[in-house]
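Starting from 1, each residue takes its place in the sequence as its number. Nothing here was measured: the structure is a model prediction, and the numbers come from that model. Any value given below was found using the heavy atoms of this structure, including those in side chains, with hydrogens, waters and symmetry copies removed.
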Amino acid sequence: MDAQLVELAQRGDRSAFGQLATEFGDRLYALAYRMLRDSDLAADAAQESIVLIWRDLRALRDPRRFETWAYRILVRACYREVRRQRRPVPRLYALHELSAGDSADAVADRDELDRAFARLTADQRAVLTLQYYLGMTHPQIADVLEIPVGTVGSRLHAAKRALRGSLDAEARTASVGGRVG
């Protein structure tokens, strides 16, 4: 992200902030979607984040750290969305998410993984998404989530173990003719 653009926005330049929001908004939505697995919730979290970024932008001390700071705001917004949900929302794939080459097995595998991912805690989804979707290092994830680097490692380990356990349980249930969901 261009630090000069951030500095202009910090001084109240609405056009500069509009350009930031345009350039960064899609990335915020994409990260929120991967964490929340629901397009409406992701849009709400991304929109809330953009509002909070505008409101608090002057407090950002180092414009070069804008992305990390903005991701931190987004992750918190995603956590709030998770807390607002009383029950999980079933996930249906939109047609644009499926390509013509997707086999029935590939769609079933993706659906199975999606259900397992939805069973993870918000903290577990956050660390997995930041590492595997954004490609962040453990120190970067620690910075975004404001947790020690060691905690990132333990959360990643717990998230992978929980995901594997959920997938294994679903496979066992499916092999005896039942369905987990």
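Between the side chain of Glu81 and the main chain of Ala42, no donor-acceptor pair closer than 3.5 Å is present. The main-chain N or O of Ala59 is never found under 3.5 Å from a side-chain atom of Asp56 such that the two would form a donor-acceptor pair. Remark: side-chain polar atoms of Glu23 are not paired, donor with acceptor, to backbone N or O of Leu20 under 3.5 angstrom. Judged purely by atom type and a 3.5 angstrom limit, Arg37 has no side-chain atom pairing as donor or acceptor with the backbone of Phe117. No donor-acceptor pair closer than 3.5 Å links the side chain of Thr151 to the backbone N or O of Ile147.
Taken together through direct or relayed side-chain contacts under 4.5 Å among Ile, Leu, Val, Met, Phe, Trp and Tyr, Val149 and Leu145 form parts of separate hydrophobic clusters. Under the 4.5 Å side-chain heavy-atom criterion for Ile, Leu, Val, Met, Phe, Trp and Tyr, Val51 and Ile53 are members of distinct hydrophobic clusters. If you chain together hydrophobic residues whose side chains sit under 4.5 Å apart, Val6 and Leu8 never meet in one group.
Tyr133 and Tyr33 have their aromatic ring centers separated by at least 6.0 angstrom.
Taken to the nearest 0.5 Å, the SG atom of Cys78 stands 11.0 Å off from the CZ atom of Arg83.
For the pair Glu48 and Arg84, the salt-bridge criterion is met [side-chain N within less than 4.0 Å of a carboxylate O]. The pair Asp143-Arg65 meets the salt-bridge criterion, since a charged nitrogen lies less than 4.0 angstrom from a carboxylate oxygen. Look at Arg11 and Asp13 and you find no salt bridge, because none of the NZ, NE, NH1 or NH2 atoms lies under 4.0 Å from a carboxylate O.
Under the side chain to side chain contact (heavy atoms under 4.5 Å, CB included) criterion, Gln140 pairs with Met136, Thr137, not counting sequence neighbours.
Using a 4.5 Å heavy-atom cutoff, the side chains of Tyr71 and Phe66 are not in contact. Residues Phe24 and Ile50 are not in side-chain contact: their nearest non-hydrogen atoms beyond the backbone lie 4.5 Å or more apart. Side-chain contact check for Arg34 versus Tyr132: every heavy-atom pair is 4.5 Å or farther apart.
Nearest heavy atoms, Met35 versus Arg125: O-NE, 2.7 Å.
For the 3.5 Å distance criterion, the side chains of Arg119 and Ser166 qualify, holding a donor opposite an acceptor.
Enclosure of atom CD in Gln4 is not indicated, since only 12 or fewer non-hydrogen atoms of other residues, nucleotides or ligands lie within 6.0 angstrom. Other residues, nucleotides and ligands contribute over 12 non-hydrogen atoms within 6.0 Å of the CZ atom of Arg80.
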